[in-house]
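Chain naming here is simple, since letters A, B, ... match the order of the sequence lines and numbering starts at 1 in each. Every heavy atom of this structure was used, including side-chain atoms; hydrogens, water molecules and symmetry mates were not.
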Amino acid sequence: MPELPEVQTVINGLNSLVIGKEIQKIIELRSGTLEWQIPITSLGKIESISRRGKYIILQTSLHYKLVIHLRMTGKLIFERDLDKTSSHSRAEIIFADKTKLIFDDVRTFGKIEVMKKNDDIPALKKLGAEPLSDKFNAEYLINKLRNKKAPIKTVLLDQSVIAGLGNIYVAEILYRCKIDPRKAGKTLRTAQIKEIIKYTKVVLQEAIKHNGTTISDYRSVEDKSGEFQNFLNVYGKKTCECGAEIHKIKQAGRSTYFCNICQS
DNA sequence: ATTGCTTCCTGAGCGC
DNA sequence: TGCGCTCAGGAAGCAA
């Protein structure tokens with residue numbers, strides 16, 4: 001599932017492949033995928049691409065923007081042949097130079113929203129700090145954890161606390177910090193909170209360096225798998241490096257993997 | 001205010 | 001071979 005490193009890898013790919021391309025049209029192949037806030041006949045060229053949390057934002061020259069969320073199985077695949085199709089194509093952005101960007105999404109939760117460049121994106125207003133920014137520091141997280149009775153695992157998945165983490169990276173971060181995912185957020189010591197800050201940045205940067213994690217569906221814009229799955233310590237694992245069994249439990253409906261020897 | 005359950009959806013994997 | 005079941009999960013919406 002695309003989390004921050006996968007989304008960033010997609011953006012890096014888009015930056016080298018679609019900047020400056022004129023959007024001729026966008027075709028919706030499955031209803032509910034594409035949402036037009038306003039009727040638009042011409043979007044213009046793709047001017048810049050940015051990320052906020054797990055959202056991809058494409059700015060166009062005629063003062064519009066496309067806001068894309070891949071959710072669990074969404075992929076943006078660049079294709080030079082207009083006739084090529086994809087097995088679960090939900091929408092296609094057709095460029096004037098006869099290339100296209102396919103939005104492929106098995107589980108159909110992903111969305112593309114077209115809106116005016118200066119309009120607020122409601123979902124973005126709720127997002128917490130970018131984990132790789134200076135705003136994500138000990139003081140910030142201490143404040144956010146102050147009243148959290150919920151387990152730290154659940155808190156770190158909350159996009160209004162940190163924008164961009166998902167189930168895989170939260171598991172890996174807590175493993176590196178040696179913190180039990182079941183521990184209530186507000187009970188963490190300052191030293192532990194500092195560890196979370198540190199390893200969140202370390203793990204995300206390492207994952208970006210390896211083009212993200214591919215468990216099943218995730219692919220880059222050039223349809224390549226990531227490599228960070230080869231460096232996971234707990235997510236989807238049966239045995240810890242220490243030799244102990246990795247525990248798999250449910251927290252707020254999500255699976256959590258951890259080593260109860262190393263993480264206590 | 002906080003938390004966690006349910007919902008959306010499809011395909012993989014499993015037992016029989 | 002094929003059926004039915006469970007599981008995977010990001011985030012919105014809702015209920016406690």
Side-chain angles (χ1 to χ4, degrees), chain A residues 1-10 28-35 37 51-57 67-76 85-91 102-113 120-131 141 143-174 181-188 204 207 212-219 225-226 229 232 234-238 246-258:
Chain A
M1 56 243 77
E3 305 178 32
L4 188 152
E6 291 75 39
V7 174
Q8 188 60 50
T9 303
V10 167
E28 186 181 47
L29 296 166
R30 186 188 194 278
S31 69
T33 306
L34 200 52
E35 203 173 307
Q37 297 298 344
R51 181 188 59 72
R52 176 78 175 98
K54 301 173 195 169
Y55 290 84
I56 298 167
I57 302 138
V67 181
I68 303 174
H69 199 301
L70 303 173
R71 294 292 186 107
M72 270 105 66
T73 55
K75 298 186 254 189
L76 285 170
T85 53
S86 185
S87 42
H88 306 288
S89 183
R90 307 304 184 196
I102 300 173
F103 184 73
D104 182 287
D105 186 13
V106 172
R107 274 173 260 182
T108 72
F109 293 171
K111 293 273 177 298
I112 300 179
E113 207 173 330
D120 275 340
I121 307 166
L124 265 58
K125 286 167 69 172
K126 302 173 198 157
L127 294 181
E130 277 295 322
L141 193 55
N143 241 324
K144 286 284 187 184
L145 292 180
R146 188 151 291 151
N147 296 312
K148 298 284 187 200
K149 265 167 72 181
I152 185 63
K153 152 72 190 304
T154 308
V155 178
L156 294 180
L157 274 182
D158 184 342
Q159 301 300 298
S160 70
V161 176
I162 307 169
L165 300 185
N167 213 28
I168 298 173
Y169 292 108
V170 168
E172 295 301 317
I173 290 162
L174 289 175
R182 297 166 295 183
K183 215 167 154 42
K186 64 177 188 179
T187 65
L188 293 191
L204 292 178
T213 302
T214 298
I215 297 291
S216 59
D217 293 284
Y218 165 71
R219 296 292 184 281
S225 295
Q229 63 278 10
L232 299 177
V234 276
Y235 184 86
K237 302 287 175 189
K238 293 241 184 295
I246 298 286
H247 288 248
K248 185 185 178 189
I249 60 171
K250 284 269 180 199
Q251 289 182 293
R254 305 276 134 76
S255 57
T256 297
Y257 294 85
F258 70 105

Counting only side-chain nitrogens and oxygens, does [X] get under 4.0 Å of the OP1 or OP2 atom of [N]?
{"X": "A:Arg30", "N": "B:dT10", "answer": "yes"}
{"X": "A:Lys54", "N": "C:dG10", "answer": "no"}
{"X": "A:Ser255", "N": "C:dG9", "answer": "yes"}
{"X": "A:His69", "N": "C:dA11", "answer": "yes"}
{"X": "A:Tyr235", "N": "C:dG9", "answer": "yes"}

Rounded to the nearest angstrom, tell me the gap between atom [atom1] in [X] and atom [atom2] in [N].
{"X": "A:Leu70", "N": "C:dG9", "atom1": "CG", "atom2": "P", "result": "17 Å"}
{"X": "A:Met72", "N": "B:dG11", "atom1": "CE", "atom2": "P", "result": "13 Å"}
{"X": "A:Asn143", "N": "B:dA1", "atom1": "CG", "atom2": "P", "result": "16 Å"}
{"X": "A:Ile249", "N": "C:dC7", "atom1": "CD1", "atom2": "P", "result": "15 Å"}
{"X": "A:Lys111", "N": "C:dA11", "atom1": "NZ", "atom2": "P", "result": "13 Å"}
{"X": "A:Ile168", "N": "C:dG10", "atom1": "CD1", "atom2": "P", "result": "8 Å"}
{"X": "A:Lys75", "N": "B:dG11", "atom1": "NZ", "atom2": "P", "result": "12 Å"}
{"X": "A:Phe103", "N": "B:dC9", "atom1": "CZ", "atom2": "C1'", "result": "13 Å"}

Selected nucleotide, minimal atom distance to [X] side chain, candidates [options]:
{"X": "A:Thr108", "options": "B:dC9, B:dG11, B:dT3", "value": "B:dC9"}
{"X": "A:His88", "options": "B:dG11, C:dA11, C:dA8", "value": "B:dG11"}
{"X": "A:Tyr55", "options": "C:dA12, B:dT3, C:dG10", "value": "C:dA12"}
{"X": "A:Lys250", "options": "C:dA8, C:dA12, B:dG4", "value": "C:dA8"}
{"X": "A:Val106", "options": "C:dG10, B:dT10, C:dA12", "value": "B:dT10"}
{"X": "A:Phe109", "options": "B:dC8, B:dT2, B:dG4", "value": "B:dC8"}
{"X": "A:Lys248", "options": "C:dC7, B:dT2, C:dG10", "value": "C:dC7"}

Task: A:Arg52 and A:Glu130: CA distance, side-chain angles, deciding distance, side chain to side chain contact (heavy atoms under 4.5 Å, CB included) verdict - done: CA-CA 7 Å; A:Arg52 176 78 175 98; A:Glu130 277 295 322; 3.0 Å; yes
Inset, instruction - Please confirm whether any donor atom in the side chain of A:Arg107 sits under 3.5 Å from an acceptor in the base of C:dA8, or the reverse. - result: yes
*Taking C-beta and beyond as the side chain, do A:Phe258 and A:Leu174 meet within less than 4.5 Å on heavy atoms?*
no
Comparing A:Val155 with A:Arg254, nearest DNA chain B nucleotide closer to 5' gives the residue A:Val155
>> Less than 4.0 angstrom from a charged side-chain N to a carboxylate O is my criterion; do A:Lys54 and A:Glu3 meet it?
In response: no
Passes side-chain hydrogen bond (donor to acceptor under 3.5 Å, both in side chains), A:Glu113 versus A:Tyr55? Steps please. CA-CA 11 Å; A:Glu113 207 173 330; A:Tyr55 290 84; over 6 Å; no
Using a 4.0 Å heavy-atom cut-off across all strands, classify A:Tyr257 as base, sugar-phosphate, or nothing. nothing
(request) Remember a base hit wins even if backbone is also touched, and classify A:Glu3 as base, sugar-phosphate or nothing at under 4.0 Å, heavy atoms. (result) nothing
A:Glu6 side chain vs A:Val10 backbone, donor-acceptor pair below 3.5 Å
no
Between the NE2 atom in A:His69 and the CD1 atom in A:Ile121, the distance rounded to the nearest 0.5 Å is 11.5 Å
